[in-house]
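Since the structure comes first, as structure tokens, the remarks are kept for the end.
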2 protein chains.
Amino acid sequence: MTDSDITPRKRFHALDARERARWLDPAEAEFCAHGFENASLNRILKQAGMSKGRSYHYFADKGELFRATLDRRMAGIAELCDAAVLAAKEPGLFWQEVAALGARLTAALQKDERLAALIRTLHQERAAQQACAVQLDVFRARVEALLTAGQAIGAVRGDLPTSLLVAVTLQLIVTVDHWFADHAAALDMAQEQLLSRQAFGLLIAPLIPPSQFGDDLP
Amino acid sequence: MTDSDITPRKRFHALDARERARWLDPAEAEFCAHGFENASLNRILKQAGMSKGRSYHYFADKGELFRATLDRRMAGIAELCDAAVLAAKEPGLFWQEVAALGARLTAALQKDERLAALIRTLHQERAAQQACAVQLDVFRARVEALLTAGQAIGAVRGDLPTSLLVAVTLQLIVTVDHWFADHAAALDMAQEQLLSRQAFGLLIAPLIPPSQFGDDLP
DNA sequence: ACGAGATTTAGACCAGTGGTCTAAATGCTC
DNA sequence: GAGCATTTAGACCACTGGTCTAAATCTCGT
């Protein structure tokens, strides 16, 4: 059989984990250190001792290598997102489950510095977002399902398009995360715990049905 | 006098408006069409009929050219931000002034498509943000002053660091703006007006003091 | 064990990037 | 018009991600 219908991605996937790490370890180091656009493919290749030809045999382009790097780190994250939150039948429980979910993800990111760096790159660079469009859509769909479930039981406001609420929520998550990353050094642990509890309120404030607070706005 | 203490920026500033436009018009077209990083300096130069040497005589680097482009478009925006909002003495009036300010800025951006494109680039590309760090800090300071004034009269929650509220507010502004830019085509004017009123509530929700709504959160 | 055919690999090469530098042209003043 | 500072053109640099060819290697039927 000719290789015309075998994508580089599949070829890479067929390699064993040991061999894949020979690519992904240097790539991850480079992407974490320089982000996506400023990462140099040539530098990665030199570091990994691989040639251009080999690279484009296994990865269609730079984006595919980034995606593979991210995929490896993301393994094990999916199982943190259990479905309990979708089953909640009243707002109090719903938000409690959301808070627990958020805490789990936050803890995972705090433990895995490399993953946090990759995700921050993904957040900051449009080119990286294009490279990972599929994964991002999956994540977006997850958040959308969550918000829709919240709307169904009246925990989330239903007077605005879901896509707008999703966009706002995603941005708020990364913004708050980013702020904590920037200011973590200046906080002791007690402060950080207190703040992150309050920051959770910040996150969900735009989602609360507007009738719940006094409408003294123009 | 030798030119060792004259910066490229000053040299460009000394040109008359007619001459400056010969640089800025092609630069603006390129930046609007391709963003910052993907804009090609060589293409701009070819378009403007200028040489490399001349370019680096007037602009230290690509970023300085982008900054000059943005500066020209931003002239006239500052006067839209009058100080009435800072003088408000009770929450209702404060939010009313904020809404008016937001409406003015939104209208300005809707009228000036090029400015909107440049600002969107500024929002999306880290490299552009670094090039315009000074202007961004000025804007951040403006928002911070506004929020501090709001906190002083109890219109804005005071239980979280101002810098966090500033970060969240800035991101929400661009996110909501972005959503509307993406979905404007699918909305008729009446829908858009209604939505943008509601979206304003979305914007300020994280800023409202938390005691104002029932704390049924974990 | 061998040779044909497919797969994998190395790395020269490409058009492009932002930025530097030299040397000529130009402008300005005495 | 001489002499000097400023301005200008564009060759050149190291580098980018990506393409392509030709050689090496591997696989497999005999």
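Just so we're on the same page: letters track the sequence lines, and every chain starts at 1.
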Q: With sequence neighbours excluded, tell me which residues meet side-chain contact (heavy atoms from CB on, under 4.5 Å) with A/Asn38.
A: A/His34
side-chain hydrogen bond (donor to acceptor under 3.5 Å, both in side chains) involving [X] - partner list, sequence neighbours excluded:
| X | result |
| --- | --- |
| A/Ser163 | B/Trp179 |
| A/Arg157 | A/Asp159 |
| B/Arg43 | B/Glu30 |

Results of salt bridge (Lys or Arg N to Asp or Glu O under 4.0 Å) for [X] - residues two or more places apart only:
| X | answer |
| --- | --- |
| A/Asp71 | none |
| B/Arg67 | none |
| A/Asp16 | none |

Q: Could you check how far NZ of B/Lys10 sits from P of D/dT7, rounded to whole Å?
A: 14 Å
Q. What is the distance from CZ of A/Phe66 to C1' of D/dG18, rounded to the nearest Å?
A. 19 Å
Q. When you check the phosphate oxygens OP1 and OP2 of C/dT8, does a side-chain N or O of A/Tyr58 lie under 4.0 Å from one of them?
A. no
Q: Classify the ring geometry between B/Phe59 and B/Phe12 as parallel (under 30°), tilted (30 to 60°) or perpendicular (over 60°).
A: tilted
Q.
Heavy atoms within less than 4.0 Å of DNA chain C: which residues of residues 15-35 of chain A have one? Give them sorted by number.
A. none
Q) Reading nucleotides 10-29 of chain C from the 5' end, what letters show protein touch, with B for base, S for backbone sugar-phosphate only, - for no heavy atom under 4.0 Å? A) BBB----SBBB---------
